[in-house]
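What follows is one structure encoded as structure tokens, with my remarks underneath.
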2 protein chains.
Amino acid sequence: MSNNLNFVAKLRNSGLRPTKQRIKICEILFGSKETFHFSINDLSKIIAQKNSEKISLATIYNTVHAFLGKGYLKQIAVNSEQSYYDTNTTDHHHFYDIDKDKLIDIHDSEVEPVKINRKIPGKRIKSIEVLVKLQNT
Amino acid sequence: MSNNLNFVAKLRNSGLRPTKQRIKICEILFGSKETFHFSINDLSKIIAQKNSEKISLATIYNTVHAFLGKGYLKQIAVNSEQSYYDTNTTDHHHFYDIDKDKLIDIHDSEVEPVKINRKIPGKRIKSIEVLVKLQNT
DNA sequence: AAGTAGATTATAACTATTCTAAAGTAATAA
DNA sequence: TTATTACTTTAGAATAGTTATAATCTACTT
Ligand SMILES: [Mn+2]
Ligand SMILES: [Mn+2]
Ligand SMILES: [Zn+2]
Ligand SMILES: [Zn+2]
């Protein structure tokens, strides 16, 4: 796959050695135009299914943390049971389908800009995130 | 405390027996006009400090779950490390002070109504919550 | 090719939370 | 009242997600 050269470059540029584990995880996370949301458990299952040689859980955690640190992933707070990650690192919002335990992107353009009429001294806004919880009708 | 009679009634009306543990937790959670945010660990410490006889951690969890189920508490998704609860059960939003690990209420009137220009078939909106993350300047 | 810093791994440790089942208590019936 | 019952509390075990450890391995530099 010629794509992998991009991942190698991406990793090198980030100061991360392009190991075969990281490259495989890059393929899974960034190999498609579509972004998606996942838990470590989700990713672990995808790897197990798409990869002949296994990648240890520790490496999956390490890699996700590394990518998070480099800004290649975003962490989404949905509930306190587990961490969710997003390959879409642009500013956007989410539906959370409670019944399916699934996140759905809401593009910034689909939400009227959120205006906060209040400021906290000594603090600056790092992010504004809207979470819309959905239930079956 | 004459207030406790209210808590006894509140518990009885909810089908919960007014045990001394539950009454004490009611006092702590609902005994003041000011609402607040807490983790189980926070609550556990408050109880330890304000109560002569200890309340077991299991009971604290049980009680918080019971109150959550009755709608006397709201759960707030901030991060995936632990659950946060809110004694303010009205619709409102939050600042999250990352450095202090503290939630601050944003009253509904302090936020322009959030308009979502998208609907998901078969799903209805259960809640819309804005989380504004704050960092030190 | 050798040396080094960085990466992977199995597994132990940790933390928040839930489960279990025994003992205690509040409500209710006799 | 007292007896019965259902609910509650509790210590501690179990579980699940995550992080730490330290030995082995590998990518990069020289
Ligand atoms: Mn999942
Ligand atoms: Mn806290
Ligand atoms: Zn997203
Ligand atoms: Zn609040």
Side-chain angles (χ1 to χ4, degrees), chain A residues 4-5 7-28 37-48 51-70 72-73 75-85 101, chain B residues 4-5 7-28 37-48 51-70 72-73 75-85 101:
Chain A
N4 286 7
L5 296 177
F7 296 140
V8 170
K10 178 181 182 138
L11 289 166
R12 280 232 180 75
N13 291 338
S14 320
L16 299 171
R17 290 186 179 174
T19 64
K20 62 179 189 304
Q21 292 87 344
R22 283 174 177 163
I23 292 166
K24 171 50 78 176
I25 293 174
C26 275
E27 285 175 22
I28 291 168
H37 308 96
F38 64 94
S39 66
I40 293 289
N41 186 47
D42 294 334
L43 179 55
S44 175
K45 280 181 192 147
I46 297 169
I47 291 168
N51 213 28
S52 42
E53 58 254 74
K54 76 162 279 195
I55 298 179
S56 79
L57 189 57
T59 297
I60 298 174
Y61 273 101
N62 287 343
T63 303
V64 166
H65 288 162
F67 290 179
L68 198 61
K70 297 300 177 184
Y72 301 148
L73 290 174
Q75 196 162 13
I76 312 288
V78 180
N79 60 47
S80 48
E81 279 124 46
Q82 78 229 89
S83 283
Y84 289 82
Y85 301 92
D101 185 28
Chain B
N4 286 7
L5 296 176
F7 295 140
V8 170
K10 177 180 184 140
L11 289 166
R12 281 232 179 76
N13 291 338
S14 320
L16 298 171
R17 289 184 180 174
T19 64
K20 64 179 188 304
Q21 291 87 344
R22 284 174 176 160
I23 292 167
K24 172 50 79 176
I25 293 174
C26 276
E27 284 174 24
I28 290 168
H37 309 95
F38 64 94
S39 66
I40 293 289
N41 186 46
D42 293 334
L43 179 56
S44 174
K45 280 181 194 147
I46 297 169
I47 291 169
N51 212 28
S52 40
E53 56 255 75
K54 77 166 277 196
I55 299 178
S56 80
L57 190 57
T59 296
I60 297 174
Y61 273 101
N62 289 344
T63 303
V64 166
H65 289 162
F67 289 178
L68 199 61
K70 297 299 177 183
Y72 302 148
L73 291 174
Q75 198 162 12
I76 312 288
V78 179
N79 61 46
S80 49
E81 279 125 45
Q82 77 228 91
S83 285
Y84 288 81
Y85 301 91
D101 183 30

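What you see is a predicted model, and the numbers here were worked out from it, not measured in a lab. We name chains A, B, ... by the order of the sequence lines, and we start the count at 1 in each one.
The minimum heavy-atom distance linking B:Lys70 with B:Ser14 is given by the pair NZ-O, 2.9 Å.
If you take CD1 of A:Ile23 and P of D:dT26, they are 14 Å apart, rounded to a whole angstrom. The CG atom of A:Leu16 sits 19 Å away from the P atom of D:dT26 (whole-angstrom rounding). Between B:Lys45 atom NZ and C:dA16 atom C1' the separation is 13 Å, expressed in whole Å. Atom pair B:Asn79:CG and C:dA16:C1' shows a separation of 12 Å (rounding to whole Å applied).
In this structure, a donor-acceptor pair under 3.5 Å is present between the side chains of B:Ser39 and B:Asp42. Using modelled atom types and a 3.5 Å distance limit, the side chains of B:Asn41 and B:Gln82 yield no donor-acceptor pair.
In this structure the side chain of B:Ile55 never reaches within 4.5 angstrom of the side chain of B:Thr63, judged on heavy atoms. For the pair A:Leu43 and A:Tyr61, the minimum side-chain heavy-atom distance is 4.5 Å or more.
Dashed line: the shortest gap from a side-chain N or O of B:Arg22 to OP1 or OP2 of D:dT8 is under 4.0 Å. Close to D:dT9, at under 4.0 Å from its OP1 or OP2, lies no side-chain N or O of B:Arg17.
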Determine all donor-acceptor pairs shorter than 3.5 Å in which one atom belongs to a side chain in residues 16-23 of chain A; sequence neighbours excluded.
from	atom 1	to	atom 2	distance (Å)
A:Thr19	OG1	A:Arg22	N	3.2
A:Arg22	NH1	A:Arg17	O	3.0

Checklist outcome for this item: Whether each nucleotide of nucleotides 10-19 of chain D has a protein heavy atom under 4.0 Å at its base (B), only at its sugar-phosphate (S) or at neither (-) is summarised, 5' to 3', as BB-----SBB
